[in-house]
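Here the structure is laid out as structure tokens; the discussion comes afterwards.
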Amino acid sequence: MGETESERWRRRDAAAVWHPFTQHSLWLDDEPTVVDRAEGPWLYDVDGNRYLDGVSSLWVTTFGHREPRIDAAIRDQLDRLDHATFLGATHPVGIELAERLLAVAPRGDRELSKVFYAGDGSSAVEVALKMAYQYSTQTNGPRPQFIRLSQAYHGDTLGAVSVGGVELFHDTYRPLLLKTLELGSPGVRRPGQSAAERAAESIEELKRLLAEHGDQVCALIVEPLVQGAAGMLTHHPDFLRAARELTDAHGVLLICDEVATGVGRTGRMWASQHADVVPDLLVTAKGITGGYLPLSAVLTTQAVYDAFLGAPARARTFFHGHTYTGSPLAAAAALANLRLMAETNLVDRAARLGDRLGARLAPLAEHPGVVEIRRLGTMTGVEVRPRGERTGVRVCRFARNRGVWIRPLGDTVILMPPLGLEDTQVDMLVDALAGALDEVYR
Ligand SMILES: Cc1ncc(COP(=O)(O)O)c(C=O)c1O
């Protein structure tokens, strides 16, 4: 038999491409999917096979692939303006998007009133870190330290790695990194310990860290409620509420990295809303453009913004920006996505989708291969019991044979479907996972 289309492309791929987070000695053995096109929740490979996209193409797709109204918004923008710099110029779609983001920002004891754009999640985290440090130098500092959570993931640029806590990804780079203080993750519980008990412990530890080092700390950075890359480690909202109070008491900024959790994934627009918390800096990326184009943003308060005002000679300016900051095409996609989300109540639909997913997954908690199921809204991690090498990868391979495309993080299988998924498609997703588990653990 001759080579299939997929095999042909994989051979060319292996000859020319270096993939992210990929051990290339195993790449071809894993028979990577060669995606040709997509529509709604479906991916089609170059051989015409169809797969349900169970992870929203790395946690970004909101409605589904090629949503006609987002497609049209990008095409319209293309007919008007492809790119204009945000340095010394501006454009209507970038302004309108900022207004829309602020309108949907979390509300409470402070208001997010300014938007700074960047390109992807990591670059927005860099923005937030630099902004927080410079804010301290211009107000109550300089304070050169950050508090980060163990198990955290904030991206792969060096600043973002500095505040990360996933050993496998981050330890190699430790000698290169910024100064940080680690706080034990509120999501890492001892057997039998409740989420509230674990949150209380982390809160006590945070109190101690701040009492001892608070005057050296410019910001605490957290993934609110769900530490995604750690395998969907969820924590109790009490932690975030206390973190808000304690950081305020010590003049420390709170950065909520909503790159993964934001834009509806947890069944609220922002995960911070589950705890009624408004951060000083909110980082958003991934789903903001509906999954189409790279765009990220840091939303912040007037108080932070004001600390950067002054005569140019005093160097209070925020000296940061990227070539594609505020890209009009990406902004058009994001604006269309956010408008459509509001018009179709997508966040409420996501909450219902999460409930259905939870109900359908519940019986799997008793499966001999399952250690724990963790979920908030649609963000789901199914931790499986190791059986041989790379168990998570094998579960996902078997699911793919059943027409569902999902990915593991170590031995946690991630489900994070597009927010507009229909009930029958949720059933297909869970049935494929259940079937794959049966095959691995039979
Ligand atoms: C919480 C969080 N922050 C930051 C990032 C980095 O985003 P990007 O991959 O767009 O750089 C991610 C990516 O998964 C993330 O989950």
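Here the structure is a predicted model, which is why all the values come from computation and not from measurement. Every heavy atom of this structure was used, including side-chain atoms; hydrogens, water molecules and symmetry mates were not. One-based numbering, in listed order, for ligands and for the atoms of each. Residue numbers run from 1 in the order of the sequence given.
Looking at Asp257 next to ligand 1, an N or O pair under 3.5 Å apart turns up. Backbone and side-chain nitrogen or oxygen atoms of Lys286 are examined, and one is located within less than 3.5 angstrom of a nitrogen or oxygen of ligand 1. Where the criterion is an N or O separation shorter than 3.5 Å, residue side chain and backbone included, Glu223 fails it with respect to ligand 1.
The protein non-hydrogen atom at the shortest distance from atom 11 (O) of ligand 1 is Ser122 OG, 2.6 Å. Considering only non-hydrogen protein atoms, atom 16 (O) of ligand 1 sits nearest to Ala260 CB, 3.6 Å. The protein heavy atom nearest to atom 12 (C) of ligand 1 is Tyr153 CE2, 3.5 Å.
Asp109 contributes no side-chain N or O that, together with a main-chain N or O of Val278, makes up a donor-acceptor pair within less than 3.5 Å. Gln273 contributes no side-chain N or O that, together with a main-chain N or O of Arg107, makes up a donor-acceptor pair within less than 3.5 Å.
Residue Val259 has at least one heavy-atom neighbour below 4.0 Å for each of these atoms of ligand 1: 2 (C), 3 (N), 4 (C), 5 (C), 7 (O), 12 (C), 15 (C).
Side-chain rings of Tyr324 and His322 stay apart, their centers remaining 6.0 Å or farther from each other. Side-chain rings of Phe86 and His91 approach one another, their centers coming within less than 6.0 Å.
Electrostatic pairing of Asp248 and Arg244 counts as a salt bridge here, judged by a charged N lying under 4.0 Å from a carboxylate O.
If you check each of Gly155, Ala285, Ala229 against atom 6 (C) of ligand 1, the one with the closest non-hydrogen atom is Gly155. In this comparison of Gly121, Ala118, Ala152, Gly228, the heavy atom closest to atom 8 (P) of ligand 1 sits on Gly121.
Aromatic ring pairs are classed by plane angle as parallel below 30°, tilted from 30° to 60° and perpendicular above 60°; the pair Phe318 and His320 is parallel.
Each of Ile147, Leu177, Ile221 was evaluated against Val163; a single residue qualifies, Ile221, per the side-chain contact (heavy atoms from CB on, under 4.5 Å) test.
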